[in-house]
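What follows is a single structure, written as structure tokens, with notes after it.
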Amino acid sequence: MDKHYKPAEVEGKIYSLWEKGGYFSAPNAKKPYTIIMPPPNANASLHAGHAMYTIDDILIRFKRMQGFSALWIPGTDHAGFETQFVYEKYLKKQGKSRMDFDRKTLYQDIYDFVKENSGLIFKQFTRLGFSADWKRSVFTLEDKVIQQVFKTFKKMYDEGYIKRDEYIVNYCTYCGTSLADLEVVHIERTDPLFYVRYPVKGKKDFITVATVRPEPIFVDTHLAVNPKDKKRNHLIGQTVLNPLTDAEMQIIGDEYVDPEFGTGIVKLTPAHDPNDFKVAKKHNLPITTAIDWNGRIVKEGGKYAGLKVKQAREAVVLDLKEKGLIEKIDENYLHSLATCYKCGRDLEPLTIPNWFIKVEKLKEKVKKATTDNKVKFIPHKFKSHMLSWLEIMHDWPISRQIVWGIRIPIWYEVDPKASNIWVWFIDKDKKPHQDNLRKFLDQGIKIEEIEQGLQKVHALTGPSGPKYVISDKKPTDGKMYLPETDTFDTWFSSGQWPLIVLNKDEMKSRYPTDVMGTLSDILKLWVSRMIMFGLYLESEVPFKEVFLWSMVADKFGKKMSKSKGNVVNPIEMIDKYGADALRMSLVYGIPAGGKVILSDDKVRGMRNFANKLWNVARFVEMEKEKVKTESLHKDDKWILAELNTTIKTVTDSLEKYKFNEASETIYEFIWHKFADIYIEKTKSRRKEAQQTLEHVLDESLKLLHPFMPFVTEEIWGKLNKDKPLIITSWPTI
RNA sequence: GGAUCCGUAGCUCAGCGGUAGAGCGUUCGGUUCACAUCCGAAAGGUCAGAGGUUCGAUACCUCUCGGAUCCACCA
């Protein structure tokens, strides 16, 4: 044996030993133990967060060693919005945009793009020593996933869990899609607050309203005051004039108005403000669009039509100033606003037709399962996080206006005489058009050409909207149809992940799976949805326990992010110090649910530990001759007792997901008890102690194997040439 | 604004009623005999602050201050 352990020379060789031996497939044996891997983005390369899957690998290896039929199922996610965003950046570099392509072409291009990059992350996983059953991998755009998603959607529709509605959503005009509340990032910013005067009808008087958004004023039809506001409730029922259009506006009363804020009077812009939208629905007020999907003022905006929001704001303010209708401007108004988590731009609240899942009934089951501990959360605090989320969880908008995803299986019936479908398409000369479908049909453009170059379909909701059919294929009843162009929110498919990756037999034997280990960030986005779908479709939770870890941080405890430049590339760490060292660093000293602190110093420390173990093995290997004695020496008895305690502690800790305790215990035992104390003492009675030395080393290797699989397997192979691999044996007392 | 978690050695964290612990870092001393990716030793803390419960509080309770995360909302 060399003086030093050299991971680079060992890891590849050991990994293929496991792979060739078929150790990653579940053995037929006995009790099943199952973990499903949270599918990483197929397009991604490994970052520090993924390295935390080490925890799953530790569990799988531990259970495999204990003799379970351990199965770890991997997969990759299409990550709809994420991936399309990356692809569009790539297009932009080439001077192109998604608008240059019809949906089919764009989808295929992204598919090829992803295909080219996919597989990389699994290769990187093997560098970490992950023992997943790779040949079982599922990609979320595979046919069987799409079929499952269609089936679920149909069932939900039939059972009344799906609704279609005009709904105000946060829409990113740059990314071209609506975002769920969970994807919205609120930031604080100083913006001018304009105090706008509304002339009172028939008087020389004004009512002043404070707003940061004067640009959609031309569609406003109402102001509101709080009916309990004694100073102002006399205004209810009065009429003022729209400062831009001079149209008459009514003042209504609604309790949502805060009498203390601004002037205590608000303008209502239902189409572009979530609160105003609620008020408008309640009072049955008109919801008129002022801003289109491109973030520009609509053509009804007269002189402002076509302007972007910011330009329109400047123009409107200028005009109002000229009319003397700006009372004052507060330049230091600090407020929070919604921005896109992806591109950081301001989001535009827009009303667009959306498909929703009605969660009211569904979430009750999740609540009950959580309260009844059908799913156990580790650490425990996440149980209350989940419950508080369920309290406020509201209907889930599942429509995403992107191509890269599973299309919502809806076909709209085209009535050539109705004006209820708006389309955006590229004609056969690659020229884009957007307008009412009827207009194009009247011009004699064939529906086939429109469908061929289709970018977006925007069908009215409600009774005036078109009829539609739920089907994954185009209906063949001879009528004209156009497909829904929206795709499902990624979490709609990944939320059904456990039901997709397990086959029929396994649904009996391995469902619910044993544990789901994932980042606590996606507790609400993903974990809650998986539980919801599991209970809805199978009447049972999809996993018995959830282990959640928090973000991976640098040595100063700061979250790793590209913009901070403190990202640690796990692969570089492996190249430098070995996979075992990296793996150990991710669990040693990390409290459950806590921040994972990863630093060069720490990984180096763990590399040193691997080397220490290596040298313990070298020491043991130097002497082969054993002297049998009648009774054990007191030092032998001591170390064997310590070993037993260690086996017990490590086993118990692993069962309880206390990875830090388990790893610290085995580290302490090997280095500071076995090496520092026992080995030093045996130097004077070497041959006598040889048998105990060998035994303690073997057992230590097993205990450490889930954490540091490569070095332990390598040493095991050197010492126990005739025995099977260490990967299948756990020590017992 | 609401919720949760956390303030213990320079750093990262254990301890959670009975005179303060680990790793890393620092300082000092060690080159034969497994390992300098090592061994031995030392320095370093009114356990954030103030009250309370208790024979006794770093630990339990209350408040204050400081930090983190999540959620809601802001015309």
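Chain letters run A, B, ... following the sequence lines, proteins first and then strands; every chain starts at 1. Note that the structure is predicted; figures quoted are calculated from it, not measured.
- Spacing between G51(B) and A41(B) at atom P, rounded to whole Å, works out to 41 Å.
- Between the C1' atoms of C16(B) and C24(B), the separation comes to 24 Å (whole Å).
- Comparing Ile392(A) and Met606(A) by the nucleotide of RNA chain B that holds the closest heavy atom to each, the one mapping nearer the 5' end is Met606(A).
- Regarding Trp389(A), its CH2 atom lies at a distance of 8 Å from the P atom of C71(B), rounded to whole Å.
- Using a 90° window around 0 for the glycosidic torsion, U37(B) falls outside it and is classed as anti.
- As a whole-Å value, the separation of Leu390(A) CG from A72(B) P is 13 Å.
- Regarding Phe609(A), its CZ atom lies at a distance of 13 Å from the C1' atom of C35(B), rounded to whole Å.
- Leu548(A) places its CG atom 13 Å from the C1' atom of C70(B), with the value rounded to the nearest Å.
- Taking atom C1' in both U8(B) and C70(B), the straight-line distance is 26 Å, to the nearest Å.
- Applying the ring pair (Phe, Tyr, Trp, His ring centres under 6.0 Å) criterion to Phe277(A), with sequence neighbours excluded, gives Tyr167(A).
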What dot-bracket string describes RNA chain B from 5' to 3', counting Watson-Crick and G-U wobble pairs whose defining distances are under 3.5 Å, with [ ] for crossing pairs and | for pairs to another strand? ((((((((.[[[[.)..(..]]]].(((((.......))))).....[[[[[..)....]]]]])))))))....

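- Counting only residues at least two apart or in different chains, salt bridge (Lys or Arg N to Asp or Glu O under 4.0 Å) contacts with residues 689-713 of chain A comprise Lys626(A)-Glu694(A), Asp698(A)-Lys723(A), Glu699(A)-Lys702(A).
- Salt bridge status for Arg213(A) with Asp220(A): absent, with no side-chain N to carboxylate O gap under 4.0 Å.
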Side chain to side chain donor-acceptor pair (under 3.5 Å) for Tyr657(A) and Glu545(A)? Distances and angles first, verdict last. CA-CA 10 Å; Tyr657(A) 306 104; Glu545(A) 300 185 311; 2.3 Å; yes

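- Using a 4.0 Å heavy-atom distance criterion, Tyr333(A) is classed as a sugar-phosphate-only contact.
- Proximity note for His385(A) (side chain, C-beta onward) versus U4(B), C71(B), G23(B): the nearest is U4(B).
- Every residue two or more places apart in sequence or in another chain was checked for a salt bridge (Lys or Arg N to Asp or Glu O under 4.0 Å) with Lys624(A), and none qualifies.
- To the nearest 0.5 Å, atoms CG (Leu193(A)) and CG (Asn332(A)) are separated by 10.5 Å.
- On the P atoms, A42(B) is 22 Å away from U32(B), given to the nearest whole Å.
- Computed from coordinates, the Lys524(A) NZ to U69(B) P distance equals 14 Å when rounded to whole Å.
- For the C1' atoms, the distance from A22(B) to C63(B) is 33 Å, rounded to whole Å.
- With C1' as the reference atom, A59(B) and C6(B) are 15 Å apart, rounded to whole Å.
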Close N/O contacts between protein and nucleotides 28-34 of chain B (under 3.5 Å):
| residue | atom | partner | partner atom | Å |
| --- | --- | --- | --- | --- |
| A34(B) | O2' | Asn615(A) | OD1 | 2.6 |
| A34(B) | O2' | Arg618(A) | NH1 | 3.1 |
| A34(B) | N7 | Lys683(A) | NZ | 3.4 |
| A34(B) | N6 | Glu680(A) | OE2 | 3.0 |
| A34(B) | N3 | Asn615(A) | O | 3.1 |

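- Legend: residues meeting ring pair (Phe, Tyr, Trp, His ring centres under 6.0 Å) with Tyr333(A), ordered by chain and number and at least two apart, are Phe261(A), His335(A).
- Separating the C1' atom of A50(B) from that of A43(B) is a span of 32 Å, rounded to the nearest Å.
- Per the stacking criterion (ring centres < 5.5 Å, plane angle < 30°), His4(A) does not stack onto the base of C35(B).
- The phosphate of C39(B) has OP1 or OP2 within less than 4.0 Å of a side-chain N or O from Trp671(A).
- With sequence neighbours left out, the side-chain hydrogen bond (donor to acceptor under 3.5 Å, both in side chains) criterion links Arg583(A) to Asp57(A).
- Looking at Arg686(A) and Glu623(A), no side-chain N of the basic residue comes within less than 4.0 Å of a carboxylate O on the acidic one, giving no salt bridge.
- The CD atom of Glu621(A) sits 14 Å away from the C1' atom of C35(B) (whole-angstrom rounding).
- Between the P atom of G1(B) and the CZ atom of Phe261(A) lies a distance of 16 Å, rounded to the nearest Å.
- Taking the C1' atoms as reference points, G15(B) lies 14 Å from A9(B), given to the whole Å.
- Contact check, Asn608(A) against C38(B): a side-chain N or O comes under 4.0 Å of OP1 or OP2.
- Val620(A) comes within 4.0 angstrom of nothing in the nucleic acid, heavy atoms only.
- Not a single ring pair (Phe, Tyr, Trp, His ring centres under 6.0 Å) links Tyr577(A) to another residue, sequence neighbours left out.
- Across the protein-nucleic acid pair, Phe377(A) atom CZ and C70(B) atom C1' stand 15 Å apart, rounded to whole Å.
- Residues passing the ring pair (Phe, Tyr, Trp, His ring centres under 6.0 Å) test with Phe669(A), sequence neighbours excluded: none.
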